[in-house]
Amino acid sequence: MGNSPYADAGGSFRRRGPRFTDRIVAEPAVGAADHEWPAEGGRYRLVASLACPWAHRSIIVRRLMGLEDAISLAIVDPLQDDRSWRFTLDENGVDPVLGYRYLEEAYLARDPENGTENGVSVPALVEESSGRLVTNDYPQITIDLGIEWAKDQRPGAPTLYPQDLRAEIDAVNEGVFGDVNNGVYKAGFATTQKAYENAFTALFARLDELDERLADRRYLVGDHITEADIRLFTTLARFDAVYHGHFKCNRQKLAEFENLWPYARDLYQTPGFGDTVDFDHIKRHYYQVHTSINPTQIVPLGPEPSAWLEPHRRDELGGSPFGPDGTPPEPLDGPLRPLPPLGA
Ligand SMILES: N[C@@H](CCC(=O)N[C@@H](CS)C(=O)NCC(=O)O)C(=O)O
């Protein structure tokens, strides 16, 4: 059995949980000042990697809710070094708002003793004035961006976590997290054949189930886009480019699923989704950072991304992406953070 920085002694992928689980909420409860922060425009900076599926969720929700003016965005280099995520894409390698070179500095500003003991992960919300990490609790971050920022959100913003659908959304998310979002990592970082095969089997069983679910409904839950679609989308967007090859999730490609593939294209072609997908960041991160599974660090040239723009005809199933009164966010006019050419 090969050694891996990502697997436990039994060869199974080990995921470290979030270290800081404070919340940013519309109205912090009295006496909760040590773990609830007020949702105030201009106060927080979202630090994200365009490569990371967990961080990508928060970028999508920020766009869909129209929170760009309320919460600023920092994009880190897709390649971590031994101090983890860094601001090397910024002038002089320093984030212009936080003044940091490394995201680690925000974790240590929050807790100088133990701030990095569980890693330094994205997405991270950081208080701009103090430079302190507030939360890296990615599942709660997207829910709260969707429900706690009503006074700053754009007119026409969708309801991503509607009260009456929460139980169903949570149930779908649970299966998607274990078998799909995290399942691809379990397959990719397994160091025993058994651990890999278990992850592979559960992943494709779940994808088959989701494919069937999406045969006669446009979105996973209800009639419009919810938190559940965002969570599935960021894994599907990386599937053929990374997980199929690099993580050995190769029973079939996403593009060979009857319903999941048009479903993913439908979302991709919705403002907020495809315009936040950056295959360059994605491929460079996975293929160059995980040297235990890709020691040459060669980044594959394929697949050709134009297939994402092919017609999907999912609108014939009914539903409306942003709900009956919702509208799409303004399209972006270009990539969020283009990278210099490989090898430059
Ligand atoms: N580690 C987080 C999820 C977010 C995550 O895994 N982000 C990755 C990038 S895709 C990361 O920042 N990894 C570095 C680290 O955890 O130290 C968790 O499971 O709570």
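Start at 1 and go down the list; that is how both ligands and their atoms are numbered.
The side-chain hydrogen bond (donor to acceptor under 3.5 Å, both in side chains) search around R218 returns D266, not counting sequence neighbours.
Closest to atom 14 (C) of ligand 1 among all protein heavy atoms lies V120 O, 3.5 Å. Remark: minimum distance from atom 5 (C) of ligand 1 to any protein heavy atom is reached at W54 CD1, 3.4 Å. Here the protein heavy atom with the shortest distance to atom 20 (O) of ligand 1 is P18 N, 3.1 Å. R16 O, 3.8 Å is the protein heavy atom nearest to atom 2 (C) of ligand 1. When hydrogens are left out, the protein atom nearest atom 16 (O) of ligand 1 is S121 CB, 3.5 Å; that is the closest non-hydrogen contact.
Neither the backbone nor the side chain of N118 comes within contact range of ligand 1; no heavy atom lies under 4.0 Å.
Checked against a 3.5 angstrom limit, the closest N/O atoms of R15 and ligand 1 fall inside it. Remark: ligand 1 and W85 share an N or O pair separated by less than 3.5 Å (distance only, no angle test). Backbone and side-chain nitrogen or oxygen atoms of N136 are examined, and none is located within less than 3.5 angstrom of a nitrogen or oxygen of ligand 1. Annotation: G119 places no N or O atom under 3.5 Å from an N or O atom of ligand 1; distance criterion only.
The pair R45-D95 counts as a salt bridge, with a side-chain nitrogen and a carboxylate oxygen less than 4.0 angstrom apart. Ion pairing between E209 and R213 fails under the 4.0 Å rule for side-chain N and carboxylate O. Checked for salt-bridge contact, D90 and R337 meet the test: a charged N lies under 4.0 Å from a carboxylate O.
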Practice task
Might you work through the ring pair (Phe, Tyr, Trp, His ring centres under 6.0 Å) test for F273 and F233, ending with a clear yes or no?
Solution key: CA-CA 8 Å; F273 286 85; F233 176 78; 5.1 Å; yes

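Counting heavy atoms only, C52 comes closest to atom 10 (S) of ligand 1 of the residues S49, P78, A55, C52. Within the set V47, V289, V122, the minimum heavy-atom distance to atom 4 (C) of ligand 1 is found for V122.
Within the structure, every pair that satisfies the ring-ring contact (aromatic ring centres under 6.0 Å, His included) test and touches residues 115-145, not counting sequence neighbours, is listed here: W54-Y138.
A cation-pi contact links R83 to Y102, judged by a cut-off of 6.0 Å to the six-membered ring centre and 45° from its axis.
Ring pair F247/H290 is parallel by interplanar angle, where below 30° counts as parallel and above 60° as perpendicular.
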